[in-house]
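Written out below as structure tokens is the structure these notes cover.
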Number of protein chains: 2
Amino acid sequence: MPQHNVTPQRPLLAMTMGDSNGIGPEILAQALARPEPWQYCRPWILGDTTVMEAELRRVNAACTLLRADTPEEAGQAAEGQLPITDCGMPAPARKPGNLDVAVGACVLTWIRQATQWAMDGVVDGIVTGPINKEAIHLAGSPFQGHTDFIADMTGAPEYKMCLFTDSMRIVHITGHLSLRDALDEVKQDRIVQSIRIGYEALQRMGLAAPKIAVAGLNPHAGEAGRFGREEIEEIQPAVETCQAEGIPCSGPYPPDTLFGRMRAGDFDMVIAMYHDQGHIPLKLIAMDEGVNVTLGIPIVRTSVDHGTAFDIAGKGIAREDSLCQAVRFAAQLAGLPRYAGVGAQRNGE
Amino acid sequence: MPQHNVTPQRPLLAMTMGDSNGIGPEILAQALARPEPWQYCRPWILGDTTVMEAELRRVNAACTLLRADTPEEAGQAAEGQLPITDCGMPAPARKPGNLDVAVGACVLTWIRQATQWAMDGVVDGIVTGPINKEAIHLAGSPFQGHTDFIADMTGAPEYKMCLFTDSMRIVHITGHLSLRDALDEVKQDRIVQSIRIGYEALQRMGLAAPKIAVAGLNPHAGEAGRFGREEIEEIQPAVETCQAEGIPCSGPYPPDTLFGRMRAGDFDMVIAMYHDQGHIPLKLIAMDEGVNVTLGIPIVRTSVDHGTAFDIAGKGIAREDSLCQAVRFAAQLAGLPRYAGVGAQRNGE
């Protein structure tokens with residue numbers, strides 16, 4: 001396959017560098033030194049030019065930077081040119097592993113701009129690099145992290161935290177809640193909404209006949225009400241509602257064997273009833289390759305499934321796998337014509 | 001290694017056949033046709049002689065049956081002889097896949113006798129084959145399954161459901177409860193008791209310096225109280241209590257990355273806060289090789305981690321892996337001198 005297999009339909013993806021003192025710039029350069037991301041999309045970096053240039057040089061990337069602050073400028077990128085903007089906020093000199101409020105302010109600007117462009121239809125989706133929560137807090141952000149910031153900007157009433165790998169796609173009906181609070185959210189409405197959102201994503205990704213499994217909540221999915229009644233009172237009715245809408249879903253299934261069944265190909269997606277029900281199996285199988293996908297917001301957004309890794313930043317040893325996958329899933333979700341090797345992937349899996 | 005590496009210290013293990021219409025007899029014969037179980041222990045079968053004979057013949061096992069209804073008779077087994085008793089309850093003619101109340105009655109008798117022998121010190125431990133819950137119910141048992149039956153016989157106030165594989169050992173602080181009820185049991189006392197029981201088991205298994213990790217309950221172990229306070233109020237104090245007793249434990253750890261860390265060798269055992277927290281990762285990694293270990297009862301008891309598989313019974317296609325592992329762990333837990341290749345295993349892992 002040629003390295004830069006240009007097709008005009010490739011989606012334009014805004015990629016935020018993340019905290020410039022973390023591993024973000026390193027994995028971004030490493031990813032863009034590989035041919036795959038260019039086959040899936042046209043990248044447009046939001047981050048610091050000096051930092052990015054140094055990292056591209058370090059990995060001998062074939063591309064060169066093109067300063068591009070507007071869509072028109074980005075659109076002029078020729079073969080092998082990588083458009084980049086710092087949105088008027090260049091980062092301080094890179095000090096790997098250093099918590100810096102000034103970096104936090106840059107990061108927030110880059111994310112805000114990328115999100116705005118996605119909402120305006122200027123870009124087809126965004127891929128976000130890892131940020132330091134404390135740095136953005138110190139820089140004045142009231143948000144916990146990326147996801148609630150982006151959700152708030154897009155006005156989404158409720159987003160779904162999803163984890164995707166090649167063999168596992170998991171939609172969580174709730175996110176960062178205590179397990180006790182999460183139990184109170186195991187309700188028909190929320191489950192129905194999650195199934196619908198998950199189904200829409202699978203359709204956008206080009207899966208022809210997706211199979212969605214809905215997990216139970218209790219051990220053995222409650223064994224017909226012997227250990228809990230949520231399966232009977234909330235989950236089963238939600239499944240039936242969605243089935244009546246024509247969504248190919250089933251369940252509730254015993255949680256402890258369900259994820260193995262998905263990996264084996266029985267299902268394309270699992271709707272998980274709480275954070276760790278999905279995170280435990282995914283992290284066990286794909287510690288460094290999982291991708292966070294934010295569904296339920298009106299833009300395409302994926303993210304790496306790891307942090308800034310300050311302890312190894314600047315050493316050039318971080319792996320770019322999660323970021324490469326994040327780019328691939330964003331391109332798929334962007335829903336443009338099925339890219340060779342992406343939309344077609346399903347059948348070859 | 002010689003096939004029958006006899007040492008007098010090998011523990012005597014009672015092995016119940018389980019439901020004779022399920023896969024129990026098949027996997028028992030297949031396991032005993034392999035050399036390993038004989039290296040770990042001296043087996044004594046409780047089950048039907050005719051059924052067992054047919055299965056041993058099917059797999060060309062090197063051993064021959066020796067009718068042995070008493071410890072003295074079992075003790076007379078020579079090299080290559082497999083002692084067996086039906087406890088005066090021969091099973092009806094085998095009909096694979098058939099639910100039979102008469103079989104349920106036999107099964108109960110065999111388990112009762114094995115447990116009694118273990119309590120009397122006649123055998124060093126028991127390994128139980130898969131039973132059909134409905135068959136024992138129909139035969140008059142008020143118990144859900146093996147484990148509560150055995151726990152009741154031994155007078156144990158509370159047993160712990162544990163899952164062991166070569167790379168993962170998980171002690172659950174609760175068993176078959178709804179998730180909501182299980183949350184109410186995340187209390188210091190119960191956690192302390194579980195850590196102590198887990199530590200004792202690791203010591204009996206000959207692990208010189210075991211490392212026990214205690215899982216958190218909430219996402220990210222609660223992030224310092226932001227998503228739930230059980231880590232602060234119950235789990236951390238329990239860990240400190242056990243540390244003060246000299247038990248090498250630590251935690252609470254974020255549940256979603258903990259099981260990968262155990263597999264990687266960071267820990268020898270995880271104390272899980274609810275059923276699926278441990279069952280999801282274990283079943284994902286070791287679908288057919290996990291072993292149920294009942295801790296907290298005054299006898300050594302292990303069990304296969306699967307059911308009777310009526311759908312494939314009689315076809316000779318069931319795998320004996322879980323049973324072989326169950327025999328190995330029972331031998332280890334029996335705590336007799338460290339068997340070559342068993343107690344020593346830890347260092348070679």
Side-chain angles (χ1 to χ4, degrees), chain A residues 133 144-145 161 163 167-168 170 172 174-184 186 215-223 225-231 254-264 270 272-288 290 305-307, chain B residues 133 144 161 163 167-168 170 172 174-184 186 215-223 225-232 254-264 270 272-288 290 305-307:
Chain A
K133 286 180 188 178
Q144 279 186 29
M161 178 186 292
L163 289 174
S167 62
M168 301 175 91
I170 302 172
H172 299 81
T174 51
H176 292 134
L177 291 178
S178 73
L179 188 51
R180 193 173 286 279
D181 288 344
L183 283 188
D184 292 336
V186 178
L217 173 71
N218 296 296
H220 309 182
E223 279 197 13
R226 287 170 63 210
F227 330 127
R229 298 193 54 81
E230 289 87 348
E231 283 79 6
D256 59 356
T257 49
L258 182 54
F259 297 91
R261 295 184 62 189
M262 173 163 56
R263 280 196 85 204
V270 165
M273 293 297 114
Y274 55 92
H275 179 281
D276 279 349
Q277 191 183 59
H279 275 64
I280 287 176
L282 192 126
K283 297 255 173 189
L284 187 58
I285 294 300
M287 189 61 194
D288 297 311
D305 182 34
H306 55 68
Chain B
K133 287 181 189 179
Q144 277 188 28
M161 176 187 292
L163 289 173
S167 62
M168 301 176 92
I170 302 171
H172 299 80
T174 51
H176 292 134
L177 291 178
S178 73
L179 189 51
R180 195 172 284 278
D181 287 344
L183 284 188
D184 292 336
V186 178
L217 173 71
N218 296 297
H220 309 182
E223 280 198 12
R226 287 170 62 209
F227 329 129
R229 298 194 54 80
E230 289 88 348
E231 283 80 5
I232 295 168
D256 60 355
T257 49
L258 183 54
F259 297 92
R261 295 184 62 188
M262 174 163 57
R263 280 196 85 206
V270 164
M273 293 297 114
Y274 54 92
H275 179 280
D276 280 348
Q277 191 183 58
H279 276 65
I280 286 175
L282 192 126
K283 297 256 174 190
L284 187 58
I285 295 299
M287 191 61 194
D288 297 311
D305 183 34
H306 56 69

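These numbers come from the heavy atoms of this one structure, side chains and all, not from hydrogens, waters or symmetry mates. Reminder, nothing fancy here: chain letters follow the sequence lines and each chain counts from 1. Keep in mind that what you see is a predicted model, and the values were worked out from it rather than measured.
Contact check for B:Leu217 versus A:Arg180: no side-chain heavy atoms found under the 4.5 Å cut-off. Two residues are said to be in side-chain contact when any heavy atoms from C-beta on lie closer than 4.5 Å; B:Gln144 and A:Glu223 fail this criterion.
Interface remark: A:Leu177 contributes backbone atoms only to the contact with chain B (heavy atom separation under 4.5 Å). Residue contact with chain A, scored on non-hydrogen atoms closer than 4.5 Å, involves the side chain of B:Arg263 exclusively. Looking at B:Glu230, the atoms closer than 4.5 Å to chain A (heavy atoms on both sides) all sit in the side chain, from C-beta outward. In this structure, the portion of B:His275 lying under 4.5 Å from any heavy atom of chain A is its side chain and not its backbone. With a 4.5 Å cut-off on non-hydrogen atoms, A:Leu258 does not touch chain B at all. Residue contact with chain B, scored on non-hydrogen atoms closer than 4.5 Å, involves the side chain of A:Arg226 exclusively.
Chosen from B:Gly278, B:Gly222, B:Pro255, the residue pairing most often with chain A at heavy-atom distances under 4.5 Å is B:Pro255. Between chain B and the options A:His220, A:Arg261, A:Gln277, the largest number of non-hydrogen pairs under 4.5 Å is found for A:His220. Between chain B and the options A:Gly228, A:Gly260, A:Pro281, A:Pro254, the largest number of non-hydrogen pairs under 4.5 Å is found for A:Pro281.
If you take CG on B:Leu183 and CG on A:Leu179, they are separated by 4.5 Å, rounding to the nearest 0.5 Å. Rounding to the nearest 0.5 Å gives a distance of 11.5 Å between NE2 of A:His176 and CG of B:Asn218.
When all heavy atoms of B:Ile280 and A:Ile280 are compared, the pair lying nearest together is CG2-CG2, 4.4 Å. The minimum heavy-atom distance between B:Gly175 and A:Pro219, with the atom names listed, is O-CG, 4.3 Å.
No donor-acceptor distance shorter than 3.5 angstrom exists from the side chain of B:Asp256 to the backbone of A:Asp276, with no hydrogens or angles considered.
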